[in-house]
Amino acid sequence: MSPPAAVMPAPVEAHRFEHPSTFVQDAAPATKAGEKVDKWADFKFEHIRESTVSRAMTKRYFEDLDKYAESDVVIIGAGSCGLSAAYTLAKARPDLKIAIIEAGVAPGGGAWLGGQLFSAMIMRKPAQLFLEEIGVPYEEEDTYVVVKHAALFTSTLMSKVLTFPNVKLFNATTVEDLITRIDPATGKIRVAGVVTNWTLVSMHHDDQSCMDPNTINAPIIISTTGHDGPFGAFSVKRLLSMNAIEKLGGMRGLDMKLAEDAIVKGTREIVPGMVVGGMELSEVDGANRMGPTFGAMALSGVKAAEAVLEVYDE
Ligand code: 48N
């Protein structure tokens, strides 16, 4: 039995609570002169049993695992690039099942702050067009725009992505290998899905043996796992170790102008079945890093999605 259709809550003004008081506390009515009524005194939640909560969570999660075991697209990494790719894909092709695998409990990658823990996020024009697409306000400067807090961009984008009915985010879940096939026509490796495990399990393969993974089949993957780091650049390092690519270029020093154009223009399918975007791509192409500007992440995500759409439109 499928879960009840998601019921979108009516806008707040349409149903102000009778009791308890509304979201905006009205002043408690006074009864006798000066005495205030405690409107919470008789507050009570509806009844529930613990097992009901457990079943409501687990039923849905395992239905999702079943549904997305065969996905149309898997996106590895829910950072600014991966989320931008997910948004662009999900909007363009509501018929495609899109699974996002994110190692962190909290998706968003490096896009919660602008740079060196400062709040504002800078995007160079024309990336403001993507901000307008998802409805993020910005301050306009001559050649760039400023989002007042990076979290405003990331939370807005994430809420849009998670609202799409054809997207499932599996966070706290790590891609720890790739499913591959040998393409009979070329004899070369084609990526055909991902191998996953709970992130906390993936982090303990060295001290706990035989914790086998799970799998998701998909004809095409977008990998946006960021530049090298504990988890970063996962897919390109794995492709190198299986000789599917010959070498890694290694991310170069910071040069904003060179970096952002190179990342957007270079976003592409680097081996059959795998598109790489965002800062993970800098590790393949030896592109520069750009530091605290995020326009290339958003537009690389858009371009990664378009690369997948080309495959599906063939
Ligand atoms: O934010 P990131 O790291 O990656 P991008 O490419 O989306 O954005 C990069 C951007 O934040 C910058 O680095 C900025 C522009 N700075 C540039 C510079 O010069 O320093 O997101 C990658 C996401 C993270 O959330 C990781 O947790 C996740 O990918 N991840 C994985 N998820 C699942 N399985 C994995 N194996 C994996 N590896 C990383």
Side-chain angles (χ1 to χ4, degrees), residues 74-87 99-118 121-124 127 130 147 150-151 153-154 157-158 161 169-178 193-203 205 213-214 216 221-239 241 250-260 262-264 266-267 274-285 287-305:
V74 170
I75 297 175
I76 314 174
S80 45
C81 184
L83 290 171
S84 302
Y87 172 86
I100 307 173
I101 316 294
E102 167 52 51
V105 169
W112 289 109
L113 290 164
Q116 194 168 315
L117 307 188
F118 303 135
M121 173 184 267
I122 310 302
M123 284 200 184
R124 290 159 62 198
F130 187 73
V147 178
F153 166 75
T154 304
L157 177 56
M158 200 177 327
V161 166
L169 168 67
F170 292 99
N171 49 326
T173 304
T174 290
V175 167
E176 58 180 30
D177 209 343
L178 301 173
V194 292
V195 177
T196 63
N197 220 321
W198 302 120
T199 300
L200 294 179
V201 169
S202 292
M203 293 166 72
H205 283 309
N214 192 18
I216 294 181
I221 314 292
I222 296 178
S223 191
T224 60
T225 62
H227 49 63
D228 204 353
F231 279 99
F234 169 78
S235 298
V236 295
K237 289 190 286 190
R238 185 64 181 110
L239 290 173
S241 68
M251 182 177 75
R252 297 291 198 274
L254 196 148
D255 179 328
M256 274 186 191
K257 285 204 306 203
L258 287 181
E260 290 216 284
I263 292 290
V264 174
T267 298
M274 176 163 282
V275 173
V276 174
M279 286 311 286
E280 182 169 10
L281 188 71
S282 70
E283 300 292 350
V284 177
D285 292 349
N288 294 87
R289 61 186 301 188
M290 69 291 287
T293 57
F294 285 80
M297 297 304 106
L299 299 188
S300 172
V302 171
K303 190 157 184 279

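Counting convention: from 1, in listed order, for ligands and their atoms alike. Side chains included, hydrogens not; waters and symmetry mates left out as well; all remaining heavy atoms used.
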Do Phe130 and Phe294 touch side chain to side chain, with heavy atoms closer than 4.5 Å? no
Out of Met279, Met297, Met123, which residue meets the side-chain contact (heavy atoms from CB on, under 4.5 Å) rule with Ser80? Met297
Show me which atoms of ligand 1 lie under 4.0 Å from any heavy atom of Gly77. 23 (C), 28 (C), 29 (O)
Any Ile216 side-chain heavy atom under 4.5 Å of Ile101 side chain: yes
Which protein heavy atom lies closest to atom 38 (N) of ligand 1, and at what distance to 0.1 Å? Phe231 O, 3.1 Å
Does the side chain of Ser282 come within less than 4.5 Å of Ile263's, by heavy atoms? yes
Tell me the protein heavy atom at minimum distance from atom 34 (N) of ligand 1, and give that distance in Å. Val175 N, 2.9 Å
If you scan protein heavy atoms around atom 28 (C) of ligand 1, the nearest is Glu102 OE1, 3.4 Å
Gly108 N/O to ligand 1 N/O under 3.5 Å: no
Grab the two heavy atoms, one from Glu102 and one from Ala78, that are nearest each other, plus how far apart they are. OE1-N, 2.8 Å
Look at the side chain of Thr225 and the backbone N and O of Phe234, then say whether any donor-acceptor pair between them is shorter than 3.5 Å. yes
Just to be sure I'm reading this right: ignoring hydrogens, which of Lys237, Arg289, Glu176 gets closest to atom 20 (O) of ligand 1? Compare them by their nearest heavy atoms. Arg289
Side chain, backbone, both or neither: which applies to His227 and ligand 1 if a contact is any heavy-atom pair less than 4.0 Å apart? side chain
Give a yes or no on whether the backbone of Glu260 and the side-chain of Arg124 come within a donor-acceptor separation of less than 3.5 Å. no
Using a distance-only test with no angle check, is there a side-chain donor-acceptor pair under 3.5 angstrom linking Arg238 and Ser235? no
Nearest-neighbour protein heavy atom for atom 3 (O) of ligand 1, which is reported as residue plus atom name and distance: Gly226 CA, 3.7 Å
Sub-4.0 Å heavy-atom approach of Thr293 to ligand 1: yes
Select one of side chain, backbone, both or neither to describe which atoms of Met279 lie under 4.0 Å from any atom of ligand 1, heavy atoms only. both
Within a strict 4.5 Å, meaning less than it, do heavy atoms of the Thr173 and Trp198 side chains meet? yes
What atoms of ligand 1 come within less than 4.0 Å of a heavy atom belonging to Gly278? 6 (O)
List every atom of ligand 1 that sits less than 4.0 Å from any heavy atom of Met290, numbering the atoms from 1 in the order shown and giving each element. 15 (C), 17 (C), 19 (O)
What protein heavy atom is closest to atom 22 (C) of ligand 1, reported as residue, atom name and distance in Å? Thr224 O, 3.4 Å
heavy-atom search around atom 8 (O) of ligand 1 in the protein gives Met297 SD, 3.3 Å
So is Ile76 touching ligand 1 or not, going by heavy atoms under 4.0 Å? yes
Here the pair of heavy atoms bringing Thr267 nearest to Ser300 is OG1-OG, 2.6 Å
Starting from atom 33 (C) of ligand 1, locate the nearest protein heavy atom and write down its residue, its atom name and how far away it is, to 0.1 Å. Ala103 N, 3.3 Å
Should the proximity of Thr225 to ligand 1, defined as any heavy atom under 4.0 Å, be assigned to the side chain, the backbone, both, or neither? both
Val194 pairs by side-chain contact (heavy atoms from CB on, under 4.5 Å) with which of Val74, Ile75, Asn214, Asp177? Val74
Report yes or no: does Thr224 contribute a side-chain atom to a donor-acceptor pair with the main-chain N or O of Ile76 at less than 3.5 Å? yes
Nearest neighbour in protein (non-hydrogen) for atom 18 (C) of ligand 1: Gly291 N, 3.4 Å
Provide the number and element of each atom of ligand 1 under 4.0 Å from a heavy atom of Ile101. 32 (N), 33 (C)
Work out which heavy atom in Phe170 is nearest to a heavy atom in Ala99; give both atom names and the distance. CE1-CB, 4.2 Å
Ligand 1 atoms nearer than 4.0 angstrom to some heavy atom of Gly109 are 1 (O), 21 (O), 24 (C), 25 (O)
Strictly under 4.0 Å, does any heavy atom of Thr173 approach an atom of ligand 1? yes
Quick check on contacts: which atoms of ligand 1 are under 4.0 angstrom from a heavy atom of Phe234? 36 (N)
